[in-house]
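Step one of this worksheet: look at the structure below.
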Amino acid sequence: MDAQTSLVLVLMGSDSDYVVMQETGNTLEWFGVKYKMLIASAHKTPVETVEYIRTYEDEGVEVFICGAGMAAHLAGVVASYTLMPVIGVPLDSTVSPLSGIDAMLSTLQMPGGIPVATMAIGKAGAKNAAIFAVQILAKKHSHLQLRLQEYRDKLRNDLIRSQEKISCTPRVTETLG
Ligand code: RP5
């Protein structure tokens with residue numbers, strides 16, 4: 001593998017999705033995983049979406065991450081064109097009155113045969129999509145195992161430190177009555 005090869009292609013249905021999907025990019029960067037991020041709509045740019053899949057598969061992408069809101073069919077459409085794993089992030093799009101429940105069901109409820117690994121709605125899902133992609137990649141790119149362990153250790157240590165912060169807070173010992 002060439003050091004410049006993108007291993008993950010991150011697609012999103014609209015530029016309005018970027019505010020959430022940048023969490024995916026930031027997390028992949030933390031792991032040192034090279035990725036490409038593009039806007040691709042399954043209904044507004046279907047031809048370009050298929051071209052991106054073909055182009056980046058040829059260039060060595062191994063996992064697709066798709067974020068979309070409303071009737072979010074992007075991940076399902078991408079999954080229908082590739083044999084690579086597809087991770088879907090349902091987005092709580094600002095223009096949707098259903099706050100991401102619509103996108104969650106659209107992304108999650110794939111008919112049997114064409115799976116989409118569906119994450120949580122919004123930023124947590126965008127972050128988890130990146131981590132899940134790294135977990136898939138780590139099977140082949142074994143240096144990522146170490147980074148995943150470092151990530152877990154960081155979560156643990158941050159939580160323990162946050163407990164210390166609370167313990168340092170002066171107690172109010174005022175007696176009532
Ligand atoms: C989806 O519809 C997009 O993923 C976005 O979340 C939502 C609104 O799209 P725009 O109106 O911003 O194009 O296709």
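These numbers come from a predicted model, not from an experiment. Whatever order the structure lists them in is the order used to number ligands and atoms, beginning at 1.
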Do any N/O atoms on D15 end up under 3.5 angstrom from N/O atoms on ligand 1?
no
For atom 13 (O) of ligand 1, what is the nearest protein heavy atom, given as residue, atom name and distance?
K44 NZ, 2.9 Å
Nearest neighbour in protein (non-hydrogen) for atom 12 (O) of ligand 1:
S14 OG, 2.7 Å
Among all protein heavy atoms, pick out the one at the shortest distance from atom 14 (O) of ligand 1; state its residue, atom name and that distance to 0.1 Å.
H43 CE1, 3.3 Å
Do any nitrogen or oxygen atoms of G69 come within less than 3.5 Å of a nitrogen or oxygen of ligand 1?
yes
Would you call the rings of Y151 and F31 parallel, tilted or perpendicular if under 30° counts as parallel and over 60° as perpendicular?
tilted
Keeping T118 on the side-chain end and V116 on the backbone end, is there a donor-acceptor pair under 3.5 Å?
yes
Per the side-chain contact (heavy atoms from CB on, under 4.5 Å) rule, which among V78, V89, V10 passes with C66?
V78
Under 4.0 Å between a Lys/Arg side-chain N and an Asp/Glu carboxylate O for R54 and E57?
yes
Residue, atom and distance of the protein heavy atom nearest atom 7 (C) of ligand 1 read S93 OG, 3.8 Å
Determine the minimum heavy-atom distance between G67 and L91, stating which atoms define it.
C-CD1, 3.6 Å
Answer yes or no: is there a side-chain heavy-atom contact under 4.5 Å between L38 and Y56?
yes
Counting from 1, what ligand 1 atoms have a heavy atom of V95 closer than 4.0 Å?
8 (C)
Quick one: list whatever passes side-chain contact (heavy atoms from CB on, under 4.5 Å) with S96, sequence neighbours left out.
M70, S93, L98, D102
State if L91 counts as touching ligand 1 under the rule of any non-hydrogen atom under 4.0 Å.
no
So, does M12 sit close enough to ligand 1 that a heavy atom of it is under 4.0 Å from the ligand?
no
Give the numbers and elements of all ligand 1 atoms closer than 4.0 Å to a heavy atom of S16.
12 (O)
In the protein, which heavy atom is nearest to atom 5 (C) of ligand 1, and how far is it?
D17 OD1, 3.3 Å
Heavy-atom distances under 4.0 Å are what count here, so tell me which part of A68 touches ligand 1: side chain, backbone, both or neither.
both
Looking at S14, is its backbone amide N or carbonyl O close enough to the side chain of D17 to form a donor-acceptor pair, meaning the two atoms are under 3.5 Å apart?
yes
